[in-house]
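All remarks here apply to the structure that follows.
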Amino acid sequence: MPYSQEVLDEVALSQGEFNLIVEKLGREPTIVELGMFGSLWSEHCGYKHSKPLLGMFPHVRRESRGLKGVGRVLVKAGEENAGVVDIGDGLSIAMKIESHNHPSAIEPYQGAATGVGGIVRDIFTMGVRPIALLNSLRFGPLTEPRNRYLFNGVVGGIGGYGNCLGIPDVAGEIFFADTYSANPLVNAMCVGIGKTGSLVKATAKGVGNLIMLVGADTGRDGLHGASGLASRVFDQQAEMRSAVQVGNPFLEKLLMEACLELAETDWIVGMQDLGAAGLTSASVESAARGGSGIEIDILKVPRREQGMTPYEVMLSESQERMLITVRKGFEDKVFGVFRKWDLRADIIGTVTGDGLARIKKGPEITAEAPVSMLVEPPAYRLRPQKPSWLRKLQDFDFHGLADINKSEANTWFLNLMASPNIGSKERVYRQYDHQVLDNTVVLPGGDAAVLRIKGTGKGIALTADGNGRLCYLDPYAGGAMAVAEAARNVVCSGAVPLALTDCLNFGNPEKEDIYYQLKECVRGMARACRVLNVPVISGNVSLYNETRGEAVYPTPVVGMLGFLPELKSRCGVAFRSEGDQVYLLGGRKPAPEDLAGSEYLQRRFGRVAGRPAIDLDLERRVQQCCLDGISRGLVKSAHDCSEGGLAVALAESCIKGGVGFSGEGWSPGEAAAAALFGEVPSRIVVSVEARNESAFVELCRRRKAPLLILGVVGGGEFSLGGLLRLPLPEVEHAWKSALEP
């Protein structure tokens, strides 16, 4: 064999996969072909372990009354760079979320920055203007210096790149746990708006049409990003730093404006950004979508480093580059647009009709393989059993835990409010510009961001959610709960959930217990999507998130889009007026088992245990009831119960509104800790004016949504259930101190 195991490992190909390539080609691949197969057959590009599972997701939204046409999916999931849905008035929303986990573990600033750059290109390559960024982040405890370094670097990279582009960062989430110490998760989401019917496809077709490369020169940065970093387990090593790209947001801004201008012409056939696997994936996948072949001469690719080989040129992941398929005869017009924006553009190849990806170095052919073969990796289907260690965690006996009493309740409540997983994230989002473009109506810090759709009275709500701890304890329920929480968050803003994009962050799928987690999470997410009528329109899979054999929690992150037919009917989390009545919508009688996977259980007892559960039919009824209450003007505030449970949700509504709450009449029952701090789903804290109480109670009765009176807004204290009583400023101080150094 001409290639050693070390070479195959470098391109993330197994011996069996190499043998399959030889069999299909009828010969041994050249080194360039080997690199191309390695990248396109990698998990990051080829989805060889996950693609068979992703078919469980629904990709179309059922028509609903009052939203005729709105929510129609315009692009088949997986066929373009982002998902797109119709929001009426001739407008559509595109969105996508992707990971940049391993690069951020090695070089946090550039890893996060280029993650933002890549996801923004996924949006504007479709001819859609980016209008919002979101992020979902996971780190180890900030008490460890390296974790603090990663945290500061990632936050700085996100803000540095997004702020330069002039795209607001409007929402997100952060979670901390030991499992993420060696492998932080950095998921970036971008949302754009465009004209329905004017989308640009990521395709290369039309024999004789020209392939143009525009933007930055090509360097050696990012080599093996897709096949090396994103598709195999790694240890943090200095020599892997070359696999991390370096970004230039000012160049990307020019590239974005030029491509958006070009999208309004009929001079091009398609556009594709150069992301994972660089020129290899951009050219081959574009040709595959067009049913064409492609020929590229690497000598025509502008380079910023001397002596680059064809292998390096084809696999470089240098940032801020786009591939344009130009209609023959219109190249001068296209060159003119790029000259206007001071961008270099070069014709590097042509579209062919033979179905081959042919890579040349002048007259020399360095790679020639069928496009269809390159984009069709083998698919792996495992049949894993539920791990025995998981059964033990789920069978944890909560009745053996001491319940909370009045003498310690205030202390543990403040401890939770000061937890980095619960407390204020203002220290993070104040580093982001979240009001540029003048669309942001509800700012970061609530359940969901709300943006106006200019020229209409409509709005959209955006959020990103996920809880790896719950998925670790029950992947099926945790996956369903991730979808439900994201939908619940946009519902609390008054928006109808329309569509979602997901990023599935897991360990090594070749291990049976990890594959079990992946399969069950997807199954749970798919079930929740169907019950709540929310299709998956785009997404990303990030596997092999483990270091030295230790995997991160299974962490599916859900980016959710909600639609507000009338922006003026939006709702917030803050209590607004003294005397308003506060209710708990949803939920059930507390039980000790409700502490499963909770922050309270982890912080007080040092345990991550139990079996989370969700009743999706109840979730659907609760969300619909909340939406109806908001749209009818009955609900003044709404806030979902999640991390920290009921007591934390109530306190956050007080802090946001600058007003106290008295819940002395409510009784926590026999399971006091679970009642205060349990994190069971399908619960929303709502406030209602006294004059609207009877109408709201009747609405809940008709919707068969459980309802419980909690107390009344007012005063300067926070009190609940005869157990908690504290001055509101003391509660707020604990909450705001969560991320302080």
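With contacts defined as side-chain heavy-atom distances shorter than 4.5 Å, the pair W735/L414 does not qualify. When side chains are defined from C-beta on, L585 counts as touching C626, because their heavy atoms get closer than 4.5 Å. Between V490 and L462, the closest side-chain pair of non-hydrogen atoms is not below 4.5 Å. The side-chain heavy atoms of V170 and Y432, taken from C-beta on, include no pair separated by under 4.5 Å. In this structure, R725 and P727 have side chains that are not in contact, with every pair of non-hydrogen atoms separated by 4.5 Å or more.
Of the candidates T555, N187, N545, N540, S99 forms a side chain to side chain donor-acceptor pair (under 3.5 Å) with just one, namely N540. Checked against F661 for a side-chain contact (heavy atoms from CB on, under 4.5 Å), the options L720, D580, V685 give a single hit: L720. The one candidate from D594, D397, D474 that meets the salt bridge (charged side-chain N to carboxylate O under 4.0 Å, His left out) condition with R611 is D474.
Distance alone, capped at 3.5 Å, is enough to place a donor-acceptor pair between the T501 side chain and the I97 backbone. Counting only distance, with no hydrogens or angles, the side chain of S687 and the backbone of S637 share a donor-acceptor pair below 3.5 Å. Side chain of N505 to backbone of C503: a donor-acceptor contact under 3.5 angstrom is found. Between the side chain of T440 and the backbone N or O of H434 there is at least one donor-acceptor pair closer than 3.5 Å. In this structure, the side chain of S542 does not engage the main chain of L504 through any donor-acceptor pair within 3.5 Å. No donor-acceptor pair under 3.5 Å is formed between the side chain of D433 and the backbone N or O of G159. Formation of a donor-acceptor pair under 3.5 Å by the K425 side chain with backbone atoms of P420 is found in this model. In this structure, R604 contributes its side chain and L601 its backbone to no donor-acceptor pair below 3.5 Å. Of the possible polar contacts, one joining the D403 side chain to the A673 backbone as a donor-acceptor pair under 3.5 Å is found.
Listed by first and then second residue, the side chain to side chain donor-acceptor pair (under 3.5 Å) pairs that reach into residues 667-681 come to none, sequence neighbours excluded.
Salt bridge absent: R488 and E485 never bring a charged side-chain N and a carboxylate O closer than 4.0 Å.
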Inset, instruction - Assess whether side-chain hydrogen bond (donor to acceptor under 3.5 Å, both in side chains) is satisfied between N421 and E599, documenting all intermediate values. - result: CA-CA 8 Å; N421 289 333; E599 184 74 3; 3.2 Å; yes
Legend entry - Residues E520, R523; criterion salt bridge (charged side-chain N to carboxylate O under 4.0 Å, His left out); working and verdict: CA-CA 5 Å; E520 289 300 295; R523 194 168 69 87; 2.8 Å; yes
Legend entry - Verdict with supporting geometry, R138 and E173, salt bridge (charged side-chain N to carboxylate O under 4.0 Å, His left out): CA-CA 9 Å; R138 301 289 186 278; E173 54 152 10; 2.8 Å; yes
Inset, instruction - Would you check, one step at a time, whether the test salt bridge (charged side-chain N to carboxylate O under 4.0 Å, His left out) holds for R148 with E144? - result: CA-CA 6 Å; R148 177 71 69 168; E144 297 180 18; over 6 Å; no
Inset, instruction - Applying side-chain hydrogen bond (donor to acceptor under 3.5 Å, both in side chains), run through N183 and N101 and close with a yes or a no. - result: CA-CA 7 Å; N183 202 136; N101 302 337; 5.9 Å; no
Inset, instruction - Kindly determine whether F151 and Y149 satisfy ring pair (Phe, Tyr, Trp, His ring centres under 6.0 Å), including the steps that lead there. - result: CA-CA 5 Å; F151 169 75; Y149 160 74; over 10 Å; no
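For F413 and F718, the ring centers sit closer than 6.0 Å to each other.
At most 12 heavy atoms of other shown residues, nucleotides or ligands fall within 6.0 angstrom of atom CD in E550. Surrounding CZ of R427 are more than 12 heavy atoms belonging to other residues, nucleotides or ligands, all under 6.0 Å away. K589 NZ: 12 or fewer foreign heavy atoms inside a 6.0 Å radius.
Qualifying side-chain hydrogen bond (donor to acceptor under 3.5 Å, both in side chains) partners for R621, counting only residues two or more places apart in sequence or in other chains: D617.
Between W389 and Y472, the ring-plane angle classifies as parallel under the 30° and 60° cut-offs.
Residues Q624 and D628 bring a donor and an acceptor atom of their side chains to less than 3.5 Å of each other. Side-chain contact, N415 with R603: a donor N or O sits under 3.5 Å from an acceptor N or O.
Scanning both residues, L584 and C641, for their nearest heavy atoms gives CD1-SG, 4.1 Å.
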